[in-house]
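Okay, structure first, notes after.
Numbers for residues simply follow the sequence, beginning at 1. For clarity, every value in this text was computed on a predicted model and none was experimentally measured.
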Amino acid sequence: MIIKTPLLKGSLLAIVLATAVAGCQHAPDSEVDKVIDSTKYSYPNTREQNLVETIHGVSVADPFRHLEENTPETESWVKAQQDFGQQYLNNITNKQAVVDRITELWNFEKVSAPFENGQNTFFYRNDGLQSQSVLYVTDKAGNTKAILNPNTLSDNGTVALSGVSVSNDGKTLAYGVSKSGSDWQQWKFIDIESGEALTDTLDWIKFSSANWDSDNQGVYYSRYDAPAGGDVLADVNFNQKVYYHKLGTPQSEDTLIYDRPQNKDWGFSAEVTEKGDYLLLSISQGTDSRNRFFYKSLAESNTDVVELIADLEAEYIFLGNDNQFFYFKTDLNAPNGKVIAININRPEKSQWQTIIEESADPINDIAIVHDHFVVSYLHDVLGKVSIYGLNGTKRQDVALPGKGRVLGPYGKRSKDYFYFAFNSYVQPQTIYKFDFRTGETSLYNQPKVSFNPDDYVSEQVFYTSKDGTRIPMMVSYKKGVTLNGENPTLLYAYGGFAISITPRFSPANIAWLDMGGVYAVPSIRGGAEYGESWHQAGMFDKKQNVFDDYYAAAEYLIEKGYTNKSKLGAYGRSNGGLLMGAVLTQRPDLFAAVLPAVGVLDMLRFQKFTIGWAWTSEYGSAEVAEQFPALLAYSPYHNVKQGNYPATMVMTADHDDRVVPLHSFKFAAMMQKYQQADKPVIMRIESNAGHGAGKPTAMKIDESADIYSFLWQSFGLSIPAKID
């Protein structure tokens with residue numbers, strides 16, 4: 001399978017960068033040190049360098065590059081910015097009321113869809129405010145126990161479960177953990193019946209799971225060599241390799257299955273077929289949605305890896321196989337996706353068979369269950385599920401409880417049922433079960449929450465972007481709110497890496513609606529809400545389409561009387577943080593407050609750190625002369641000029657090794673230097689946290705409360721002493 005993360009689509013890897021950055025000149029720091037001053041706010045002192053690079057003949061200033069370095073000076077600066085930002089947030093009157101309401105709403109039991117291996121059934125459960133969800137197992141006698149509680153792995157909940165893989169017989173659990181939100185994972189093993197930990201440990205793993213062999217004796221996984229530069233969080237990661245680990249042996253004795261030293265930017269996602277007859281390798285290159293596909297027969301020893309699909313031309317997601325017939329979901333000549341069958345003994349394209357044709361609705365997810373293809377589609381961003389026979393004949397559509405998001409299907413080919421999750425912006429995630437024997441859907445688990453979803457509205461609207469493109473947007477608010485153009489409104493978006501932003505429930509969002517706010521989410525280009533063509537319309541030199549789609553959403557909300565510029569806030573994370581940087585440098589007049597979170601903000605140097613080079617397949621690279629002008633034109637850090645900016649809270653975390661915090665450091669320093677308006681530019685720098693994955697509940701609640709409080713303050717509004 002292809003792994004998706006909040007910023008990365010695909011396990012990794014990018015285009016080899018050929019053109020080096022040209023000359024670098026700077027005077028001794030002592031000659032050019034400056035102190036940032038402000039019209040009102042006494043920001044922490046930031047040293048400024050007279051550093052200018054010549055890139056493809058263009059002079060580019062980088063006055064805060066020293067903040068890229070992990071030095072005592074940078075550490076002192078970070079501490080000062082943390083203190084300054086926290087003091088501002090702590091001084092917001094009645095912020096505790098926001099914390100209290102979010103906490104109240106968050107405190108309900110959350111249960112995942114179950115999955116089965118052997119005679120055991122597994123599921124996750126969170127009793128409400130636990131930092132991390134606990135993994136439970138129910139045996140064939142109906143006895144349930146906790147098998148893995150990540151809340152016991154650290155005192156503050158910052159060691160998180162990053163993945164699990166249960167052996168086919170249901171007897172052994174492999175699990176990955178990450179510390180402080182890092183992408184680095186360590187995998188360990190547990191005997192499920194006894195609950196005892198095994199001695200095996202696997203290190204230096206990123207963007208990989210553990211995949212069991214058919215004998216339940218070991219796992220296939222992908223890993224990197226230990227970082228050679230000494231900076232675990234920032235050093236670049238290349239040359240991923242596939243290994244086999246046999247239980248009971250040290251990692252140093254693991255068998256190297258496959259690597260490509262001549263292709264250092266290739267990433268490998270390993271999988272074993274359900275019958276255990278083949279090892280499958282999905283090979284990604286950067287965050288490109290396209291992938292290669294290789295396989296290795298496991299029926300005999302010492303077989304070679306076969307390059308079934310050797311060209312990087314389309315996406316191929318393996319679904320299952322009947323002996324030599326391999327089923328794939330692909331977007332080859334079908335941007336919305338289709339299902340094909342390949343006979344690996346006759347692999348020529350002329351022999352490929354189309355099983356399910358491309359439709360007007362893009363395929364969002366798909367699985368083979370009970371010898372049927374269960375296909376989850378996106379219909380104008382909302383979920384739709386259909387069932388087909390293995391010959392492509394449609395059996396039926398699955399009844400859904402409303403208009404919202406579908407996660408799944410979750411099931412096995414050998415079972416006659418599957419599960420799926422459903423939610424909307426105002427309805428919490430609920431688990432349903434579909435039974436092939438009856439053709440009907442039944443409720444499996446519904447959470448009990450401390451609010452009534454019927455008290456809220458979540459409606460879909462459509463608006464027109466700058467170039468005439470029709471864009472969908474979900475707008476949510478509490479019933480009884482008068483839409484009079486004065487409503488505090490938060491506009492969230494992402495727009496990249498073929499990641500579809502579908503309705504996602506968050507108890508914190510309900511608190512925002514309880515405050516009288518409107519929450520709006522447009523499905524802008526760069527995602528995959530309308531297939532791969534929608535994604536490509538927001539890539540490379542078309543990135544401006546993403547920004548224009550977002551501005552048009554803001555203008556629609558103002559035109560239709562939801563809000564006005566003095567009550568409109570902008571928020572985005574990761575690639576959405578880049579969008580926020582563009583908002584600040586291109587349309588600062590349109591918003592009262594902007595919050596770039598863990599954003600990619602220096603578009604000329606992102607490829608030089610950790611896994612950033614992988615994103616060149618989405619953005620391009622400043623090291624390529626033809627791609628440099630477009631990146632420079634919108635790079636937030638390089639386009640901050642003296643002017644009047646909205647209230648700004650730049651958000652990052654000290655252990656973010658995906659979008660390293662130097663992006664936010666440099667951008668915030670530039671914003672503080674050039675801000676002329678009587679509006680704050682503060683930083684919110686989280687300690688012992690990363691890009692976002694695995695963040696403990698208490699941290700999530702505090703972060704949401706700070707966001708809403710900062711927005712309310714920026715809108716000139718007073719937070720009530722109690723919110724309900």
Side-chain angles (χ1 to χ4, degrees), residues 1 3-4 108-127 133-140 142 144 146-148 161 163-168 170 173 192 209 271 274 317-320 327 329 363-379 382-390 395-424 427-449 453 500 502-505:
M1 60 180 281
I3 301 170
K4 290 187 180 182
F108 67 92
E109 182 185 62
K110 306 162 189 71
V111 179
S112 74
F115 62 96
E116 302 165 347
N117 286 69
Q119 295 182 320
N120 289 330
T121 300
F122 302 84
F123 63 94
Y124 295 97
R125 177 182 176 273
N126 190 305
D127 65 13
S133 294
V134 179
L135 180 65
Y136 289 83
V137 59
T138 301
D139 63 22
K140 63 179 179 179
T144 299
I147 187 62
L148 182 60
L161 192 61
V164 300
S165 179
V166 178
S167 59
N168 301 301
L173 170 70
I192 290 173
S209 183
E271 184 179 354
E274 191 169 337
I317 297 178
F318 179 80
L319 303 175
Y327 301 112
K329 178 257 179 179
I363 295 174
N364 186 50
D365 204 350
I366 187 170
I368 300 178
V369 184
H370 194 55
D371 287 334
H372 287 76
F373 292 109
V374 183
V375 185
S376 170
Y377 291 101
L378 290 180
H379 179 72
L382 303 177
K384 170 186 169 185
V385 180
S386 300
I387 298 176
Y388 301 83
L390 291 181
R395 167 174 167 163
Q396 71 176 95
D397 292 325
V398 176
L400 299 179
K403 295 182 178 181
R405 178 193 196 195
V406 172
L407 292 176
Y410 306 113
K412 288 190 172 182
R413 186 167 182 175
S414 58
K415 303 296 182 180
D416 59 6
Y417 54 85
F418 64 85
Y419 301 91
F420 65 91
F422 180 87
N423 72 267
S424 73
Q427 296 172 317
Q429 180 167 294
T430 302
I431 309 301
Y432 293 87
K433 181 178 182 179
F434 177 87
D435 191 328
F436 276 94
R437 295 170 299 176
T438 64
E440 295 181 352
T441 301
S442 60
L443 179 65
Y444 180 80
N445 181 273
Q446 184 172 27
K448 297 178 181 179
V449 294
S500 299
T502 53
R504 304 183 182 197
F505 177 79

Proximity of Phe436 and His372 rings by center, below 6.0 Å: yes
Audit row: Asn423, Arg405, side chain to side chain contact (heavy atoms under 4.5 Å, CB included) steps and yes/no: CA-CA 5 Å; Asn423 72 267; Arg405 178 193 196 195; 3.6 Å; yes
Pair Glu274-Arg413, salt bridge (charged side-chain N to carboxylate O under 4.0 Å, His left out): steps then yes or no: CA-CA 9 Å; Glu274 191 169 337; Arg413 186 167 182 175; over 6 Å; no
Candidate pair His370 and Phe418, rule side chain to side chain contact (heavy atoms under 4.5 Å, CB included), full reasoning: CA-CA 9 Å; His370 194 55; Phe418 64 85; over 6 Å; no
Side-chain heavy-atom pair Thr138, Asn120 within 4.5 angstrom cut-off: no
Leu161 side chain reached by Tyr124 side chain, heavy atoms, under 4.5 Å: yes
Cation-pi, Phe108 ring and Lys110 (6.0 angstrom, 45 degrees): yes
Salt-bridge contact Lys448-Glu109 (side-chain N to carboxylate O under 4.0 Å): no
Shortest non-hydrogen contact from Ile147 toward Ile192: CD1-O, 3.5 Å
Parallel, tilted or perpendicular: rings of Phe373 and Tyr327 (30°, 60°): perpendicular
Over all atoms of both residues, closest heavy-atom pair of Ala399 and Thr441: O-OG1, 3.5 Å
Side chain to side chain contact (heavy atoms under 4.5 Å, CB included) assessment of Leu148 paired with Val134: CA-CA 6 Å; Leu148 182 60; Val134 179; over 6 Å; no
Over all atoms of both residues, closest heavy-atom pair of Pro401 and Phe422: CG-CD2, 3.4 Å
Tyr444/Tyr419 aromatic ring centres below 6.0 Å: yes
Distance-minimising heavy-atom pair for Ala367 and Pro409: CB-CG, 3.8 Å
For Val369 against Lys415, the heavy-atom pair lying closest together: CG1-O, 3.7 Å
